[in-house]
Amino acid sequence: MVKREEVIRLEDRWIAPVFQRRPIVAVRGRDAILWDADGREYVDCMAGYGAAFLGHCHPRVVEAVKAQAEKLLACHGSVYAEARAELLRRLELIAPEGLGRVFLSNSGAEAVEFALKAARKYTGKREFIAMVRGFHGKTMGALSATWNPKYRASFEPLLAGVRFVPYGKAEKVEEAITSDTAAVIVEPIQGEGGVYVAPEGYLAQLREICDRHGIVLIFDEIQTGFGRTGKLFAYQHWNVVPDIICLAKAAGSGVPIGITLAKNEILESLSIGEHSSTFSGNPLACAAASATIDVLIEGRLWERAERLGKLFKGFLSRLAEKYRVVREVRGLGLMLAVEYRFDILDVLQGLLQRGVIALSSGTRILRFLPPVSITEDQIEYVAAKLEECTEIMERERLKS
Ligand SMILES: *Cc1c(COP(=O)(O)O)cnc(C)c1O
């Protein structure tokens, strides 16, 4: 076994220095708990950036992956595969109405790449409208629709003809439309941008605008999909169905998979060779996704996410009432954020020292993407530790 210090040395030596590191060497995970190389345990409210929504190493997923690994690991999309068909049978049950075709890939960014290409192909138009604070991934196409200048600046020129408009204002989308607009891409709840929930009526207005102008409406549900927000998919909160939906993160419970579901006519506009990927519909990824969907559906786990999310958000909202350093609490289900008035680096580190892993968004927003298998006790534990850290910030920042 490689020692903790050696793991850190090797990773720091070899991996491109693009990750903001935490001083944890992860060894093992189960449900909402992650163990590090020193045997310390953490309540993991990052959980693979939302990938381990069922909890780390859900036994049904582990079993499915093991069984598939013994049968077939490599199968290109040009050969039919049983494991792929198994996943399609499940997608048939859960796909939004009218989205009857799919392209399978390996990541969120790839799911977005394909959505953008499909929208161009189908409409014959080139431009996209994306949102301020929107996040869609970091490959060149997806990055072109990602707003944050910090991610974009060094890599320009990106795709020409992407216009960014403020999130939540449908009239701004309408103003940005040209005769060459192919698609509007939007997150029903902005994740990386800081957990901003679509205002009431917004998505319905976008649907109406896109219909009126013959523009493809793309929902990026890579973070919100598969139960996280209290519905199987976040669009169900507003009953607005897009033309294309992008999924990834929780889809494979940690095994890489991207899923782009679209209307038949959109994907039927593509012809052989216009898009593909060696690992598209990979049997291992399909087996993991099938097991994930089974567990979600059988347990109706989005309902648990809603219930636990309310409990969690209740604790966070009490903090907001009690401490002036807390500016706002946002989110739906188990996708939650606390915005502070000051830099949260100390809060993140304080939580880590107290056995809680959380995420940040920018410098002042703390985010939680816990697994749905988190217990009420663990939520209370996280809330108590967060209160300790918030109290310290309040004392230090607001000495009066
Ligand atoms: C994470 C994320 C992506 C990118 O997914 P990757 O698998 O990291 O490429 C795209 N869109 C949203 C909304 C995401 O949260």
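Atoms within each ligand, like the ligands themselves, are counted from 1 in listed order.
When each atom of ligand 1 is checked for a heavy atom of E187 under 4.0 Å away, the hits are 13 (C). Atoms of ligand 1 lying under 4.0 Å from at least one heavy atom of G137, given by number and element, are 4 (C), 10 (C).
Close N/O approach between K249 and ligand 1 is found [any backbone or side-chain N/O within under 3.5 Å]. Taking only nitrogen or oxygen atoms, main chain and side chain alike, I222 does not reach within less than 3.5 Å of ligand 1. At a 3.5 angstrom cut-off on N or O pairs, V112 does not count as close to ligand 1.
Judged purely by distance below 3.5 Å, without hydrogens or angles, the side chains of H237 and T229 pair a donor atom with an acceptor atom. A donor-acceptor pair shorter than 3.5 Å can be found between the side chains of D44 and H56.
Of the listed options A109, G108, A251, S105, G108 places a heavy atom closest to atom 7 (O) of ligand 1.
Taking the six-membered ring for Trp, Y340 and Y323 have ring centres at least 6.0 Å apart. Between F219 and Y235, the distance from one ring center to the other does not fall under 6.0 angstrom.
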Test ring pair (Phe, Tyr, Trp, His ring centres under 6.0 Å) on Y196 and Y167 and set out the steps. CA-CA 9 Å; Y196 293 89; Y167 187 71; 7.4 Å; no
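At a 4.0 Å heavy-atom cut-off, ligand 1 touches H136 through the backbone alone. With a 4.0 Å heavy-atom cut-off, ligand 1 is reached by no atom of Y49.
Of the protein's non-hydrogen atoms, D220 OD2, 2.6 Å is the one closest to atom 11 (N) of ligand 1.
Residue R101 forms a salt bridge (Lys or Arg N to Asp or Glu O under 4.0 Å) with just one option from E268, E92, E265, and that option is E268.
Contact of the R21 side chain with the I15 side chain is registered, since non-hydrogen atoms from C-beta on lie closer than 4.5 Å.
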